[in-house]
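A short write-up of the structure that comes next.
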Amino acid sequence: MDLNLSGQFFGQQADDDALQSEVQKVIILGGGPAGLSAALYAARASLEPLVFTGQELGGQAAATSVIENYPGFPEGVGGSEISELFHQQAERFGAKFQFDMVTEVDLSQRPFKVTTESGTYQAEALILATGASPNHLGVPGEDRLMNNGVSYCATCDGWFFKDKDVVVVGGGDSALEEGILLTHYADQVDIIHRRDELRAGAILQDRAMSNAKIDFVYSSVVEEIVGEEKVEAVRLRSKKTDEVTEHKTDGVFIFIGHTPNSQIYKGQLEMDDKGYVVVDQLMQTSVPGVFAAGEVADPHFRQVATSVGMGAAAAIQATRFLENQ
Ligand SMILES: Cc1cc2nc3c(=O)[nH]c(=O)nc-3n(C[C@H](O)[C@H](O)[C@H](O)COP(=O)(O)OP(=O)(O)OC[C@H]3O[C@@H](n4cnc5c(N)ncnc54)[C@H](O)[C@@H]3O)c2cc1C
């Protein structure tokens with residue numbers, strides 16, 4: 001089945017008035033891999049979770065054409081296809097879905113309050129799984145060629161660039177780490193950085209500089225990503241001379257940071273300096289009864305498999321928390 005990521009073809013909306021009048025056992029914020037996995041585990045523990053998916057059922061995974069590194073799919077699986085499978089599995093065990101955006105939370109007392117575009121809901125426990133968004137360059141060609149040569153994830157997409165030439169945009173740790181990873185596949189990796197020196201740590205810099213497949217283009221910014229059906233080149237502007245040149249390439253990997261979707265929790269629980277929700281090994285946040293999973297709490301791994309694992313763990317721990325109340 002072809003899927004509509006706005007969620008409107010995914011099952012029935014749960015009965016809204018009834019949901020608002022009763023206190024839910026658990027509300028899950030986010031319908032990406034972490035939220036959908038948490039929904040499955042919470043549903044199988046008979047918690048009848050209410051899931052607010054926001055605008056993208058399946059999250060970032062649904063926006064990915066093929067996922068080749070999620071176990072169980074030797075031929076790979078479509079991002080929207082696996083999202084729908086996650087969704088169906090959770091729904092089968094009683095998870096309730098609302099395709100609604102959470103605009104506010106009140107974590108000051110239990111039951112916690114969750115306000116969405118359609119109303120206010122209450123729950124004894126919350127699982128925050130609102131994910132993160134890779135920062136975009138915001139240049140012409142970027143959105144149009146996403147998944148056709150433009151990528152934000154080397155672990156995910158590096159394989160598609162076997163024996164090809166790619167550029168990496170960025171100069172921090174992730175740009176260099178992912179650039180080095182890309183040399184396992186690509187013939188040539190050019191790292192384009194807007195400054196004249198890198199921000200990444202010294203060891204990573206040494207490693208990248210001694211890698212024969214990596215070259216650096218300093219003091220340059222990408223002005224445009226060029227290509228009809230797929231990426232063919234990037235247009236670079238030198239910050240020193242203002243000269244614009246075209247640099248042929250098969251792929252553009254952009255690593256200029258991620259922004260966790262955590263603005264609505266700000267000031268109510270512990271976050272790190274980049275806005276990632278801080279969790280312990282049991283996925284507990286600094287507020288008892290509030291758990292977090294997936295990329296909103298994970299600046300390190302950012303994969304479907306790891307997000308799904310965190311979602312499962314958060315739901316298991318939320319179940320234990322509710323049992324002990
Ligand atoms: C282009 C691209 C390709 C990728 N390819 C792969 C790959 O091949 N393999 C792999 O393992 N990983 C891949 N990833 C990474 C993977 O998609 C993510 O690690 C994973 O989706 C994170 O899951 P998550 O549930 O934590 O967050 P997300 O997927 O970001 O989902 C967040 C969810 O929260 C919802 N949400 C956000 N704000 C609100 C709100 N206020 N109220 C309600 N809901 C809200 C969103 O609608 C969404 O449903 C890729 C990522 C990108 C961007």
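Atoms within a ligand are numbered from 1 in the order they appear, just like the ligands themselves. It should be emphasised that the depicted structure is a prediction, and the values quoted were computed from it without experimental measurement.
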| said: When you measure from the heavy atoms of Ser151 to every atom of ligand 1, does any distance fall below 4.0 Å? | reply: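 Judged by the 4.0 Å heavy-atom criterion, Ser151 does not count as contacting ligand 1.
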| query | Measuring from the heavy atoms of Phe52, does anything fall under 4.0 Å of ligand 1? | reply |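 Yes, Phe52 has a heavy atom closer than 4.0 Å to ligand 1.
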| message | Side chain, backbone, both or neither: which applies to Asn69 and ligand 1 if a contact is any heavy-atom pair less than 4.0 Å apart? | response |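 For Asn69, only side-chain atoms sit under 4.0 Å from ligand 1.
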| said: Once you restrict to heavy atoms under 4.0 Å, what part of Ala132 touches ligand 1? Side chain, backbone, both or neither. | reply: backbone
May I ask you to check whether [X] has an N/O atom sitting below 3.5 Å from an N/O atom of ligand 1?
X      : answer
Glu56  : yes
Gln303 : yes
Ile264 : no
Val102 : yes
Pro33  : yes
Asn261 : no
Ile67  : no
Val304 : yes
Val296 : no
Asp100 : no

At less than 4.0 angstrom from any non-hydrogen atom of [X], what atoms of ligand 1 do you find?
X      : result
Gly54  : 43 (C), 44 (N), 45 (C), 47 (O)
Gln55  : 47 (O)
Gly294 : 26 (O)
Ala129 : 32 (C), 33 (C), 34 (O)

Exam field: side chain [X] to backbone [Y], donor-acceptor pair closer than 3.5 Å:
X      : Y      : value
Gln268 : Leu107 : yes
Asp298 : Gly294 : no
Thr115 : Thr103 : no

Identity of the nearest option to [atom], non-hydrogen atoms only, from [options]:
atom                    : options                      : result
atom 46 (C) of ligand 1 : Thr53, Val105, Val51, Thr130 : Thr53
atom 13 (C) of ligand 1 : Gly311, Cys156, Pro260       : Cys156
atom 30 (O) of ligand 1 : Met101, Met310, Gln60        : Gln60

Assess whether a salt bridge exists between [X] and [Y], defined as any Lys/Arg side-chain N lying under 4.0 Å from an Asp/Glu carboxylate O.
X      : Y      : answer
Lys164 : Asp187 : no
Lys25  : Glu124 : no
Glu232 : Lys230 : no

| task | Verify the distance criterion only: is there a donor paired with an acceptor across the side chains of Arg320 and Gln317 at less than 3.5 Å? | result | yes
So, for [X] and [Y], is the gap between ring centers shorter than 6.0 Å?
X      : Y      : answer
Phe253 : Phe161 : yes
Tyr152 : His136 : yes
Tyr41  : Phe93  : no
Phe216 : His193 : no

| Is the shortest heavy-atom distance from the side chain of Ile203 to the side chain of Arg207 under 4.5 Å? |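 Heavy-atom side-chain distance check passes, below 4.5 Å.
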| field | Any Pro288 side-chain heavy atom under 4.5 Å of Phe291 side chain | value |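 Not touching, per the 4.5 Å side-chain cut-off.
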Students should be able to answer this: which protein heavy-atom is nearest to [atom], and at what distance?
atom                    : result
atom 18 (C) of ligand 1 : Glu295 OE2, 3.0 Å
atom 22 (C) of ligand 1 : Ser307 OG, 3.4 Å
atom 3 (C) of ligand 1  : Thr64 OG1, 3.2 Å
atom 27 (O) of ligand 1 : Gly131 CA, 3.3 Å
atom 25 (O) of ligand 1 : Ala34 N, 2.9 Å
atom 15 (C) of ligand 1 : Arg302 O, 3.6 Å

| Linking I/L/V/M/F/W/Y whenever their side-chain heavy atoms sit closer than 4.5 Å, directly or via other members, would Phe52 and Met101 fall into one cluster? | no
| Derivation and outcome, side chain to side chain contact (heavy atoms under 4.5 Å, CB included), residues Phe86 and Leu40 | CA-CA 8 Å; Phe86 287 161; Leu40 169 64; over 6 Å; no
| task | Would you mind telling me which of Asp16, Ile27, Thr116, Thr53 makes a side chain to side chain contact (heavy atoms under 4.5 Å, CB included) with Gln98? | result |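 Among Asp16, Ile27, Thr116, Thr53, the one that satisfies the side chain to side chain contact (heavy atoms under 4.5 Å, CB included) with Gln98 is Asp16.
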